[in-house]
Structures are given as structure tokens and as C-alpha cells.
Amino acid sequence: MRYWLFKSEPSTWSWDDQVAKGDAGEEWDGVRNYQARNFMREMSLGDHGFFYHSQKDREIVGIVEVCAEAHQDSTTDDDRWDCVDIKAVKPVETPVTLDMVKADQRLADMKLVTNSRLSVQPVTEDEWKIVCEMAGI
DNA sequence: GCCAACGTTGGC
DNA sequence: GCCAACGTTGGC
């Protein structure tokens, strides 16, 4: 099992939107960045990820699960772009803000901190555990 | 709303 | 293949 982080602007696609899709899940489409796409290609069914709200909120708000491995992004005919499907697993007890992540030295290497523009990123097992603890999970 | 950082595009 | 120009993202 590997761990990831999915970033979204809540005004475009929020945690609530994701939860509304239930177990059917939803394509994580629209990614037009090779690094992010490559990470999605590495994902396996059942991998878990954090759902992060960028922009105004800047906090991790929920846990998601990969429910379909990488396939053609249905929003484009360009076969360079693949995406996975994810479904909401559960919300966090306490949102973990970007400030909280930055304040914890153990999380200093998270892509969220070092490469803020990357919209799909890998999370190490250690980082996963630490953030889950902070989130009250 | 601004701007820095980054990725992509296209001319040479 | 290099690099300048441009567009986009996201933190502040």
C-alpha cells in the first residue's frame, strides 16, 4: 500500500463534492502535468491518499482511496493524459493545515512544503502516520 | 490581488 | 538542444 496526496481548489472540486459521489468515486481528471500524471500511473487499487484543499483553506480535510487505476482522462482525447478514480473514505477529525505541516520538522520534506505547485504527490509511510495522528485518525 | 516558482511552448 | 516568453498555480 502506498500513500498519496490529492490537491484541489474547493471552488472547483471540494471534499463535499467527493463525498457526494460515494463509493462510486470520481475521476481525478484535468491533470495536465507530467509529474502528477506519472504518480497516478504508479497508483494501485486500494492505495490511500489525503484530500487537500488549496487556495483559501490550505488544509487536509479527508482520506480517499484509489478505486480505479490509471486510465484515459475522459475530459480529453489526448492520450498523453491518464487519471485514476478516487472515492472518499472518511473525513478527518481535525483538518491538518499547511501551517501545521510546516511547523512540524518531521514533515519538512513533504512535497506540500517543498513543491507546493504539484497537484498529485507521493506521501511516505512515516509522513502518512504523522499527519493521521495530527488529524485525529 | 499580487507575485514567485514552476512547467510548457516555440523560435532559433 | 537551448532558452526566452508565456501561462498557470497557489501561498501570502
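What you see is a predicted model, and the numbers here were worked out from it, not measured in a lab. Quick note: numbers below take in every heavy atom, side chains included, and nothing from hydrogens, waters or symmetry partners. Numbers restart at 1 for each chain; the letters A, B, ... are given by sequence-line order, proteins then strands.
- Separating the CG atom of A:Leu118 from the C1' atom of B:dT8 is a distance of 15 Å, rounded to the nearest angstrom.
- Of the listed nucleotides (B:dC6, C:dG11, B:dT8), C:dG11 has the atom at the smallest distance from the side chain of A:Lys102.
- Rounded to an integer number of Å, the gap from CZ of A:Arg117 to P of C:dG7 is 14 Å.
- Atom CG of A:Leu98 is separated from atom C1' of C:dC12 by 11 Å (rounded to the nearest Å).
- Among the nucleotides C:dT8, C:dC12, C:dG11, the one closest to any side-chain atom of A:Asp99 is C:dC12.
- Side-chain contact check for A:Cys83 versus A:Asp29: some heavy-atom pair is nearer than 4.5 Å.
- Going from atom CG of A:Leu5 over to atom NE2 of A:His48 covers 14.5 Å, rounded to the nearest 0.5 Å.
- Residues satisfying the ring pair (Phe, Tyr, Trp, His ring centres under 6.0 Å) criterion with A:His53, sequence neighbours excluded, are A:Phe51.
- Summarising the geometry, the separation between CD on A:Gln55 and C1' on C:dG10 is reported as 5 Å, rounded to the nearest angstrom.
- Whole-Å rounding puts the A:Trp81 CH2 to B:dG7 P distance at 12 Å.
- Each of C:dG10, B:dG7, C:dC12 was ranked by its minimum atom distance to the side chain of A:Asn33; first place goes to B:dG7.
- One atom, CG of A:Asp78, and another, P of B:dT8, lie 13 Å apart when rounded to the nearest Å.
- In this structure, A:Arg58 places its CZ atom 6 Å from C1' of C:dG11, rounding to the nearest Å.
- One atom, CZ of A:Phe39, and another, P of B:dG7, lie 11 Å apart when rounded to the nearest Å.
- Judged by distance alone, with hydrogens and angles left aside, A:Arg32 brings no side-chain donor or acceptor close enough to the base of B:dT8 to form a pair under 3.5 Å.
- When every heavy atom of A:Lys7 is checked against every heavy atom of A:Leu118, the shortest pair comes out as NZ-O, 3.2 Å.
- In this structure, the nucleotide among B:dT8, C:dG11, C:dG10 sitting nearest to the side chain of A:Tyr52 is C:dG11.
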